[in-house]
Structure formats: structure tokens, C-alpha cells
Amino acid sequence: LMIRRPPRSTPYTTLFRSTDQDLNNNFAHLSNLSQRFLDCILDSITECPRSFYEICGYLNSIVDRKFPADKDSQDVLTSAQIAEGSFIFLRFFCPAIVTPHIYGVVPNLPSPEARRCLLLIGNVLTNTANGSFGKKEQESVRKEDYMKPFDKFGLDNLEKIRDFFNNLANVPAEIKSETRAEIPDEEREEGLVAVHRYLFEYREKMPQALASLPDISPLIIGNNATP
């Protein structure tokens, strides 16, 4: 995927609509790259900041209370684990993978071939983190036919991704409370400018979006209530 380049008029999904040999080669290449990314993420849990543990633990608690896990279902992620995956993968890992130049992972915009490959890797990891792979009910809603062969990828990594989310839901005893980080004035100013730009750009849409959010105050109150 990183080397071959289809015609400009051809969408990247046609990389998976060629000969059987090309299909197998592309699938194997993308599987290998996606596995390397996933392994790096799963192996980095010891470097995860305490705040991530606390947020994932909170998400796990309130979602599991609303949608209790089915103890007999060992071949799928629980709703609580999917909530954790949506937070950490969709908000942090996958955006940094798909657009690494924006997040400072690489200094320059990757080549079109690299961006195409990173987009596919992000798609594979997203479906893995939200438990879409291998679920029959997802077949009718998953439009990307080229992703169907990755059901095995998701199932092969199910146990590891489940353990990752379970560990994230519990703050290790050796991780102390984080000290306040010192942010250089220049970076703080750039961050405030970015936030202001975002709020200004979406100032008309935000009230409607906020009004459509469910009321989670009972869950918050219930979670903080003392027995």
C-alpha cells in the first residue's frame, strides 16, 4: 500500500478490488502494519498518564451500570469497553495515526501513498477498538467491503484489546497523582488561540449540539453518591 499507487481517478478502496493475488498481498501488508501499530499501543499502557486511567475507569463504571456486561458473551467487547475504546482510540490514537503531521508525530505532511495507508490502518484499529469485527449485526451497516476480511484480525486481537481496556479501567497503585505540568507561555498562547478559533467557527452549531446531548446528571450524581 505504501509503494503502489493506483490511478488518480481511482479511490483507495480499489486497492482491494484487483486480482486475487493483489487482494491477498494488500490484505497481508495492511494486517501486518495494523498489528505493529496495535502492539505498540497495547505495550505502551505503562506510559499512560493517570488521567487516562481515571477517565477510562469512570466511563467503564457508568456505562457498565447502564448496560451491564453479559457474562456469557466472551467473544465480544462489553459496552463499557467499547466506551473506553471510543474515547482513547477515536479521540487520541487514530487521529494521530491518520494525521501525524498535525499532532507533531512527523514534521511534514506524509506522501499521498503514506496517508492512504495510514487512513486504512486507522480504520482497522477503529473497528477493532469498537468491537465491530466479527459481529454479524455489523455486516449490514459496514459499507466498506474491503474491511470484511479483517474480521479475523479483530477476533485474533480480542483478548488483548479486552485486557487493555480492563487494565485502563483501574489505576495502578504505583502511579501517583500527577503533578501540574509546566507549559511554556508560547505553547499556552497557541493552545488558547486554537480553542478560541474552534469556538468561534462553531459558535452557531454548538448550542444545538449541546441541546441534543443526553442528560447524564443522574449518572454523575449516582456515581458520586456515598452509600
Side-chain angles (χ1 to χ4, degrees), residues 1-44 47-48 52 82 84-135 138-158 160-161 164 186-187 190-191 193-202 205 209:
L1 295 179
M2 298 280 285
I3 300 175
R4 297 181 184 178
R5 183 174 185 178
R8 289 186 178 274
S9 59
T10 305
Y12 68 86
T13 52
T14 56
L15 286 167
F16 294 86
R17 297 177 185 172
S18 187
T19 66
D20 289 342
Q21 184 61 42
D22 287 340
L23 178 65
N24 292 334
N25 290 340
N26 288 334
F27 171 73
H29 187 43
L30 181 55
S31 294
N32 179 265
L33 291 175
S34 299
Q35 189 66 58
R36 291 170 63 185
F37 271 85
L38 182 60
D39 288 343
C40 286
I41 291 173
L42 300 183
D43 291 342
S44 69
E47 302 177 30
C48 184
F52 273 36
I82 292 174
E84 290 182 63
S86 297
F87 163 67
I88 200 166
F89 273 83
L90 298 185
R91 299 296 180 269
F92 292 93
F93 293 140
C94 289
I97 290 171
V98 175
T99 54
H101 57 293
I102 294 179
Y103 290 84
V105 179
V106 295
N108 302 312
L109 176 70
S111 68
E113 292 85 356
R115 295 202 304 273
R116 184 181 303 111
C117 184
L118 294 173
L119 180 62
L120 291 171
I121 292 172
N123 206 345
V124 171
L125 296 185
T126 296
N127 281 277
T128 301
N130 64 25
S132 293
F133 287 137
K135 295 174 64 175
Q138 294 289 338
E139 294 296 329
S140 60
V141 298
R142 190 173 57 217
K143 298 180 180 179
E144 306 93 334
D145 290 338
Y146 67 92
M147 296 301 293
K148 291 181 180 179
F150 286 92
D151 280 346
K152 184 178 184 301
F153 179 92
L155 294 175
D156 288 345
N157 287 284
L158 178 62
K160 291 193 294 185
I161 200 79
F164 180 73
E186 183 178 351
E187 292 186 13
E190 291 178 354
V193 169
V195 171
H196 181 271
R197 185 186 301 114
Y198 181 88
L199 293 175
F200 180 80
E201 182 177 355
Y202 294 97
K205 297 181 180 179

Testing the basics here: between Cys117 and Leu30, what is the closest heavy-atom pair and its distance to 0.1 Å? O-CD1, 4.5 Å

If I compare all heavy atoms of Phe153 with all of Ser31, which pair ends up nearest, and what's the gap? CE1-O, 3.7 Å

With under 30° as parallel and over 60° as perpendicular, where do the rings of Tyr202 and Tyr198 fit, or are they tilted in between? tilted

Lys152: side-chain contact (heavy atoms from CB on, under 4.5 Å) partners, not counting sequence neighbours: Asp156

Can you tell me how far apart CZ (Arg36) and CD1 (Ile41) are? Round to the nearest 0.5 Å. 13.5 Å

If you round to the nearest 0.5 Å, how far is CG of Leu155 from OG1 of Thr128? 9.5 Å

Anything under 3.5 Å between a donor and an acceptor, one on a side chain of residues 87-105, the other on a protein residue two or more places apart or in another chain? List them.
{"unit_1": "Thr99", "atom_1": "OG1", "unit_2": "Pro95", "atom_2": "O", "d": "2.7"}

Results of side-chain contact (heavy atoms from CB on, under 4.5 Å) for Ser44 - residues two or more places apart only: none

With side chain to side chain contact (heavy atoms under 4.5 Å, CB included) as the criterion, how do Asn123 and Phe150 come out once you've worked through the C-alpha distance, each side chain's angles and the decisive distance to 0.1 Å? CA-CA 10 Å; Asn123 206 345; Phe150 286 92; over 6 Å; no

Compare all side-chain heavy atoms of Val124 with those of Leu38 and state whether any distance is below 4.5 angstrom. no

Can you list the residues that meet the side-chain contact (heavy atoms from CB on, under 4.5 Å) rule with Glu186, with sequence neighbours excluded? Glu190

Between CG of Leu118 and CZ of Phe37, what distance do you get to the nearest 0.5 Å? 5.5 Å

